[in-house]
**Student:** 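Got a structure here, written out as structure tokens. Questions coming.
Positions are given from 1, in the same order as the sequence printed here. Below, all heavy atoms of this structure are taken into account, side chains as well, without hydrogens, waters or symmetry copies.
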Amino acid sequence: MVASFRTWHCLLALLLLPLAAHGQLSPTFYATTCPTLELIVRATMIKALLAERRMGASLIRLFFHDCFVQGCDGSILLDDVGSFVGEKGAGPNVNSVRGFDVIDQIKANVELLCPGVVSCADIVALAARDGTFLLGGPTWAVPLGRRDSTTASLSLANTDLPSPASSLATLVSAFGNKGLSAHDMTALSGAHTVGFAQCQNFRAHIYNDTDIDAAFAALRRANCPAASGSGDTTLAPLDVQTQLAFDNAYYRNLLAQRALLHSDQELFNGGSQDALVQQYGSNSALFFSDFAAAMIKMGNISPLTGTAGQIRANCRNDFSTGFLWERGLLQDTIHMCVEQQVAMFLNTVGHNLRNRVVGTNFDRSGETVSRYFNKVLHAVGELRNEFITPPSSTTPTKISRNPRWDPYFKDCIGAIDGTHIRASVSKDMEPSFRGRKAHTTQNVMAAVDFDLWFTFVLAGWEGTAHDALVLQDALERANGLRVPQGKFYLVDAGYGAKLGFLPPFRGVRYHLNEWGNNPVQNEKELFNFRHSSLRVTVECAFGSLKRRFKILNDATPFFPFPTQTLWLLAALSTIGLYKMALSGPTWAVPLGRRDTRTASQSAANSNLPSPSSSAATLVSAFASKGLDSRDLVALSGAHTIGAARCATFRSRVYNDTNINAGFAAKRRQICGAQPGGTDGNLAPLDAMSSVKFDNGYFRNLVAQFGLLHSDQELFGGGAVDSVTAGYARNGAAFARDFVTAMPAHWRQRRDPRQLPEAQLGHRSAADWTGLDDWRRTDGGACGPIAYRRLLPPTAAARDGSGQVRPGCSRSFARACTMAAARLLLLAAALALLACGGPRAGAQLSAGFYSAACPAVHGVVRQAMSQAVANDSRSAAAVLRLFFHDCFVNGCDASLLLDDTPTTPGEKGAGANAAGSTFGFDLIDAIKTQVEAACPATVSCADILALAARDSVNLLGGPSWAVPLGRRDATFPNATGAATDLPGPGSGLAALVAAFTAKGLTSRDLAALSGAHTVGMARCASFRTRVYCDDDVAASFAAQRRQGCPASGGDDALAPLDAATPADFDNGYYQNLVAGAGLLHSDQELFSNGPLDSLVRLYSTNGAAFSSDFAASMVRLGNVAPLTGTDGEIRLDCRKLHSVVCSASASSSSSTDCDCGRARQVRPGCSRSARACTMAAARLLLLAAAALALLACGGPRAGAQLSAGFYSAACPAVHGVVRQAMSQAVMNDSRSGAAVLRLFFHDCFVNGCDASLLLDDTPTTPGEKGAGANAGGSTFGFDIIDAIKTQVEAACPATVSCADILALAARDSVNLLGGPSWAVPLGRRDATFPNATGAATDLPGPGSGLAALVAAFAAKGLTSRDLAALSGAHTVGMARCASFRTRVYCDDDVAASFAAQRRQGCPASGGDDALAPLDAATPADFDNGYYQNLVAGAGLLHSDQELFSNGPLDSLVRLYSTNGAAFSSDFAASMVRLGNVAPLTGTDGEIRLDCRKVNS
């Protein structure tokens, strides 16, 4: 059996810690055994809270519930297994306590570095501390050293945990029983400043109690019905003000009688704790101090220390006990469960304890310990033949392809050595057992493979026996050691040379410690050195074995010698038992990867095969990554472990026919037929052995037990059936091929075998993710790697690509900073800017303006959106400006400078001449808007970089985080513009050289050239191409010649991509493959040269192009930027700052150069220190004013839409909306479609201003009954009302109804399985409706394509937006009245579909009968809508018009086959829809009730 030595160490839970009868908790408990523990916990917690901030509160609660039952011993983490019943099913815990998966992840990460050392109980304590701190609360030193319980108590969990209905007296008593005071109770209750509670826990308080604020009770009743059983699990925040920030608002709620739970309000209800609550309500520092102290006291409740309890390998269970129970080797008795039997056994062997000591630890008699010890010893011994097995005859993975050992040791299958283990024998036998040791020993011989599995063991020989004699005995025994033909073991010189055994040269340096710094001198030394570095494996195995089983290495044994001879076999069987938890293969992981600086959501959406993929799709997906069908089958075997969500296998168990009926029925029990409540339920991917890495997965497929459709496709009558069947029969073949395929998979970025050995010293996050073995790859060490080796190297990157991240996820610091602190930082930043800004060392960063000008992204995006809507060529023009700027002097906006009488600019030089570059006025307009929002802060160079990114994205291309912080050049370089820019006639070699000169690769060249998928070129630049080149398609050349005569007509334009000239797609590469590149320089990329394969890839894989283009644009933007104090921040992009400053000064009566003082960022217009101080003071006042303004509801003037608009004023709004929508969709999946429809209908009338939400008044009819809204067509208004109520409670008069609707629409899509996107915010609400507009502007269900295009164009939306946004009809229902004409009269409707729909929609009457817009997946946001259109099954006439032999047919076909393309375009179009005429600044109002205006 093959498995990694790391797993070996991971799972030996109880055997590591030395004997310590009276252990004490200490913050430094792991200082030597696991010094990086707190770093690992903190990093994992950051990742967890980034995914879900609520998790911080959940883990604090988990710690409370653990400590209050049996003490802080991790008992709450134990699952129910067999007859063992844990605490998770107790009343206070069931369906309530959560966060177990986060603890599992932390435990897994800790085990990688410190196997078998850290208890789950200590991990929970640390996670609770970090959960508090990361949410803004205090931190403290956590006393550590707890051990994990082997028991749990369901009854104590039901009785000892205070209920939410507890009185003050009950609470004081419950806490007092745990040694905690009333003061501790009040402080610890402050943890309810974060988190949520279920309706069933606060229903009585809000309906029956009198000590509750009436408005607050009414607010909570809105989502918590009075009837028990209705809405029981609906959540509400414990702290209505700041539910995700750890502060003292909880106590202020108590003072205002706004506590959610009865037990909370009891703390301030005329009782003993009132004064303390008042103190905490006004003094957060006091609360933080007391909370930290109380958490430490609670963590000291009855911990297990010393040898009590265990160190669990898996926080949820112990695999060994369940396995022994399942095999019938051990059984529960009326006196003792299997778990305690095994625990006593391990306590004995792990620490070499006598029966009476173990009996004391477990409160049992010595006789009982002895009796169960022998039972477990026998049970474990029965497993010896399963875990001590002969080695594989294949070349070990450690040796294979490793030039140190391959081919010299390719036939080596392991190493053999002897070790001496203490023995206790009778006096007359002692002489023969006392050899070279001072005490009596037995000589044990063992063979070990290079995965550190014992493959043969012979115990019992006297300590004086020679190793060669023991080996001879092993070979002569009937069931003894066998060496396969042609294979050999490594042995030391004491065994001698013989067939099958290879010793080192005698008399030559051998042991590793003999080499030191002295290099190898000759061939014999080289052989011995490599022999020793391999054979050390067996010494490592013996050393680890003795360290973990003290009975093998401590004082003289006190058992009879026959029992002692069984010890080693029992120990090895125990190890095998733990390793069996997964027991998959291992391999040497080549290292040296670096971490990417970018990510690609689009590639992740398109490249990863889905669980519903067909065999053909799977083969294609793997082939695109260089993997063949055998790799596909082997790697799919990873599904032999793990679990899948109901949402991924529902279709399989309800619809597929190639599934075992009994298996399908069993899975249906946990997975309902309808999407919704059971979506997250889990089922094992391998029902036979879900925690063992074996070939059970393939046996499942043969028996039609595959859980996922994509899995069963591997055995569904196709080409890979034979491979699957082979693996089902032969587990070793599967393990071998899996090991082969895994490195093949990793080689997609860079072949690790080609990495120089020197690069293996530092590991990046990418390496850490793939690391399966804790041993060093050079085989020269026994211990685990030091954590410092995970840190990035201090030297620069060896090849300049990627990075080594210091943390695998983004920093969480900003996410945890409170709004006031952010404003102070903003004030400090502004003051710094006033004094001249940073002086040196600045680096580009996507968050560079997050404090100084957070609105810049929204300003640029809005301006570019408008420009592209007016003229799609604007985008290509701006993109070209960015290219041409960066290629001359770097990305410094030097291109934007106009000529002056003394200095020619770059605009008329080289490839820029003759009007080739334009779009300067657009950059000027953006600069003007940015200056109005953030004077003298944002450089023209950064504006150009952002505008280029948005240009690409607005035309349908990718997006990326733009690193910012550039400064503007103070001079142009006309000469460089004439020489550095490649011309349209450049050859491939010249192009590669030009890009290389800028630090860009040939891959960057190929990717960035794809920008020519949009825009136009002048005849002068492609005339030679279409008249002279011989690699041009004849028909294409003829077509282009029509508009470009052989002479004259130089300025005539032609599209660079004739098929889709205004769409940023991969059409450019398809043109090159077809010989239809417009420019000679373009076609050079596909001309039988080194880039041909990359062009072909991009031509067939748009996602690969998008991903590479985004990465290359980031690299292009890094070409020689000016940062720090270099350059300047221009006020006018066309001229230098000094010119603007001089002009301003000359026209002003000021004598202190006001321009420089007030606006210039760089040092200049020299000022005194006093002037700087005054400017800083003014800016601090400005920040204070901003804070006051935010307190009054946010900015009221000059605002622009921005995803971060409420980051200070109402950071909770996203969570409130998401939570409410989650509940609404869970209750009725139609809610998602309804809210999405509201957003569409609102934005199409007057813009996105929530005018649709206004009710009719006696004098003003609203929009709800007008046009396409009439007849109850739109609903969901109550959902928006409920969200508004919750948002108002958290952030009064701050968030508009229009923004709530935009967020709710986004979350509706995502919750139904669709994409997500950053919603630009900052809209304000209309003060009047427009019923007339609702009657005229909304397209009807009978609209033709021309009418639809015109309606969307009137809103600044393109036909591509029309096609993408119409995909919202993949969810929801339509009324018979809206599709009757379609199913009875249209001739482009599928007959069977029409007949089906007519059954529920008669030719007359039944107007309100409903039918799903997408019958196949009515509640899933997918691309089924487009598949329906292609099949003639569009429900509405207006839908089918998109696929009716018109201009949108090709786009509909694309979306029908490429769900990722649809998702990407839909998200982008939703952002554009949300930008339709919003009210901002002081326009409109922030309604307090979405149904009526404030006045």
**Student:** Applying side chain to side chain contact (heavy atoms under 4.5 Å, CB included) to L1473 and F1240, what does each step give before you reach the verdict?
**Tutor:** CA-CA 8 Å; L1473 176 66; F1240 275 72; 4.2 Å; yes

**Student:** Is there a donor-acceptor pair under 3.5 Å between the side chain of S939 and the backbone N or O of R966?
**Tutor:** yes

**Student:** Please round to the nearest 0.5 Å and tell me the distance separating atom CG of L1053 and atom SG of C1044.
**Tutor:** 10.5 Å

**Student:** At their closest point, which heavy atom of G1117 faces which heavy atom of L844, and how far apart are they?
**Tutor:** O-CD1, 4.0 Å

**Student:** How about T1013 and Y1069: do any of their side-chain heavy atoms sit closer than 4.5 Å?
**Tutor:** no

**Student:** Is a side-chain donor or acceptor of Q1070 paired with a backbone partner of S1099 at a separation under 3.5 angstrom?
**Tutor:** yes

**Student:** With no hydrogens and no angle check, just 3.5 Å: does a side-chain donor-acceptor pair link S1469 and D1361?
**Tutor:** yes

**Student:** Do side-chain atoms of R1306 reach the backbone of W1317 as a donor and acceptor pair under 3.5 angstrom?
**Tutor:** yes

**Student:** Which atom names give the shortest non-hydrogen contact between D1092 and S1087, and what distance separates them?
**Tutor:** OD1-N, 3.1 Å

**Student:** Can you check whether A947's main-chain N or O pairs, donor with acceptor, with S951's side chain at less than 3.5 Å?
**Tutor:** yes

**Student:** Test: salt bridge (Lys or Arg N to Asp or Glu O under 4.0 Å). Region: residues 1346-1360. Which pairs qualify, not counting sequence neighbours?
**Tutor:** D1063-R1360, D1337-K1355, R1360-D1465

**Student:** Does the side chain of Q866 pick up a donor-acceptor pair with the side chain of N870 at under 3.5 Å?
**Tutor:** yes

**Student:** Please name the pair of heavy atoms, one in A1052 and one in G1043, separated by the smallest distance, quoted to 0.1 Å.
**Tutor:** CB-O, 3.3 Å

**Student:** Checking T1060 against D1065: is there a side-chain donor and acceptor pair closer than 3.5 Å?
**Tutor:** yes

**Student:** Provide the closest heavy-atom pair for C1019 versus G1048 in the form atom of the first, atom of the second, distance.
**Tutor:** SG-O, 4.3 Å

**Student:** Would you name the heavy atoms of V878 and A948 that are closest together and state the gap between them?
**Tutor:** CG1-N, 3.8 Å

**Student:** Please examine the side chains of P1121 and D892, heavy atoms only from C-beta on, and report whether any two atoms are closer than 4.5 Å.
**Tutor:** no

**Student:** Between M1113 and F882, is there a side-chain heavy-atom distance shorter than 4.5 Å?
**Tutor:** yes

**Student:** Less than 4.5 Å apart, side chain to side chain, heavy atoms only: is that true for V1114 and P963?
**Tutor:** yes

**Student:** For the residue pair S1359 and L1448, establish whether any side-chain heavy-atom pair is separated by less than 4.5 Å.
**Tutor:** yes

**Student:** To the nearest 0.5 Å, what is the distance between CD on Q1083 and CG on D1029?
**Tutor:** 8.5 Å

**Student:** Check for me whether the distance between the ring centres of F1244 and F1352 falls short of 6.0 Å.
**Tutor:** yes

**Student:** On a heavy-atom basis, which atom in S894 and which in N889 lie closest, and how many Å separate them?
**Tutor:** OG-CB, 4.3 Å

**Student:** Could you check whether R1040 makes a cation-pi contact with F1022, meaning its NZ or CZ is under 6.0 Å from the centre of the six-membered ring and within 45° of the ring axis?
**Tutor:** no

**Student:** Treating R1472 as the side-chain partner and S865 as the backbone partner, does any N or O pair qualify as donor plus acceptor under 3.5 Å?
**Tutor:** no

**Student:** Short question: side chain of R1023, backbone of P1045 - any donor-acceptor pair under 3.5 Å?
**Tutor:** yes

**Student:** Nearest 0.5 Å, please: how far is CD in E1084 from CG in L1005?
**Tutor:** 10.5 Å

**Student:** Quick check: do S1463 and Y1455 have side-chain heavy atoms less than 4.5 Å from each other?
**Tutor:** no

**Student:** Whether the T617 and S614 side chains hold a donor-acceptor pair (N or O, under 3.5 Å, no angle test) is what I'd like checked.
**Tutor:** yes

**Student:** Heavy atoms, side chains only, cut-off 4.5 Å: are N1101 and N607 in contact?
**Tutor:** yes

**Student:** Could you go through the side chain to side chain contact (heavy atoms under 4.5 Å, CB included) check for H884 and K907 one step at a time?
**Tutor:** CA-CA 10 Å; H884 283 224; K907 295 179 180 178; over 6 Å; no

**Student:** Could you check F1086 against D1031 for side chain to side chain contact (heavy atoms under 4.5 Å, CB included), going step by step and ending with a plain yes or no?
**Tutor:** CA-CA 10 Å; F1086 190 79; D1031 60 346; over 6 Å; no

**Student:** Passes side chain to side chain contact (heavy atoms under 4.5 Å, CB included), Y1068 versus L1056? Steps please.
**Tutor:** CA-CA 8 Å; Y1068 165 81; L1056 287 158; 5.8 Å; no

**Student:** Is any side-chain heavy atom of L881 closer than 4.5 Å to one of L895?
**Tutor:** yes

**Student:** For A1461, does its backbone N or O pair with a side-chain atom of S1464 as donor and acceptor, under 3.5 Å?
**Tutor:** no

**Student:** In sequence, state the C-alpha distance, the side-chain angles, and the governing distance for K927 and D942, and then conclude on salt bridge (Lys or Arg N to Asp or Glu O under 4.0 Å).
**Tutor:** CA-CA 10 Å; K927 177 64 173 175; D942 278 343; over 6 Å; no

**Student:** When rounded to the nearest 0.5 angstrom, what distance separates CG in L981 from CG in D885?
**Tutor:** 10.0 Å

**Student:** Does the plane of the ring in F1462 sit parallel, tilted or perpendicular to the ring in F1421? Use 30° and 60° as the thresholds.
**Tutor:** parallel

**Student:** Looking only at the side chains, is there a donor atom on one of D1057 and H1012 sitting less than 3.5 Å from an acceptor on the other?
**Tutor:** no

**Student:** So how far is it from L897 CG to F920 CZ, rounded to the nearest 0.5 Å?
**Tutor:** 10.0 Å

**Student:** Taking R1025 for the side chain and G1077 for the main chain, is one N or O donor matched with an acceptor at less than 3.5 Å?
**Tutor:** yes

**Student:** Do N953 and R861 meet the criterion of a side-chain donor-acceptor pair at a distance under 3.5 Å?
**Tutor:** yes

**Student:** Kindly compute the distance separating NZ (K998) from SG (C886), expressed to the nearest 0.5 Å.
**Tutor:** 10.0 Å

